[in-house]
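Read the structure below first, then the notes.
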Amino acid sequence: MCLAVPLKITSIDGMDAVAERDGVRRKIRVDLLKEPKIGEYVMVHAGFAIERLNEEQARLNLEAAKEVEDALRELYS
């Protein structure tokens with residue numbers, strides 16, 4: 001199963017971009033977004049930015065992801 005993850009765009013070169021979360025950077029494609037901008041939060045699935053997020057949406061998604069990660073870490077520790 002693949003999940004979309006929220007990332008913040010840090011650089012753009014044509015349709016290629018770099019986005020990050022918690023200091024981890026990933027190369028992504030922004031073909032599906034109209035006029036992507038550095039600093040925007042996006043949902044990324046299979047290496048493609050598929051949706052823009054406002055800062056509140058991004059914050060909520062990042063908090064939810066952290067809760068899941070913490071629960072899994074506790075479960076498998």
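What's counted below: heavy atoms across the whole structure, side chains too, no hydrogens, waters or symmetry copies. Residues: numbered from 1 along the sequence shown. Just so it is clear, the structure is predicted and the values come from calculations on it, not from any experiment.
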Smallest heavy-atom separation, E51 atom then L33 atom, equals N-CD2, 4.1 Å
Are L3 and V68 linked, directly or through other ILVMFWY residues, by side chains that come within less than 4.5 angstrom of each other? no
Just verifying a value: how many Å separate S11 OG and R25 CZ, rounded to the nearest 0.5 Å? 7.0 Å
Check whether M43 and L32 end up in the same hydrophobic cluster, where Ile, Leu, Val, Met, Phe, Trp and Tyr are linked by side-chain heavy atoms less than 4.5 Å apart. yes
Report, as yes or no, whether the 6.0 Å neighbourhood of atom CG on D13 holds more than 12 heavy atoms from other residues, nucleotides or ligands. no
The side-chain hydrogen bond (donor to acceptor under 3.5 Å, both in side chains) partner of R59 among E55, E63, Q57 is E63
Are R29 and D16 close enough for a salt bridge, meaning some N to O gap below 4.0 Å? yes
Could you tell me whether R52 and E40 have a side-chain N and a carboxylate O separated by less than 4.0 Å? yes
Side chains of I12 and I38: closer than 4.5 Å at any heavy-atom pair? yes
Taking all non-hydrogen atoms of both residues into account, name the closest pair between I28 and A49 and its distance. CD1-CB, 4.2 Å
Sort out for me which residue in L7, V42, L60, N61 forms a side chain to side chain contact (heavy atoms under 4.5 Å, CB included) with L53. N61
Hey, is R21 close enough to E69 for a salt bridge, meaning N to O under 4.0 Å? yes
Is the backbone of V24 close enough, under 3.5 Å, to the side chain of D22 for a donor and an acceptor to pair up by distance? no
Joint hydrophobic cluster, F48 plus V18, side-chain heavy atoms closer than 4.5 Å: no
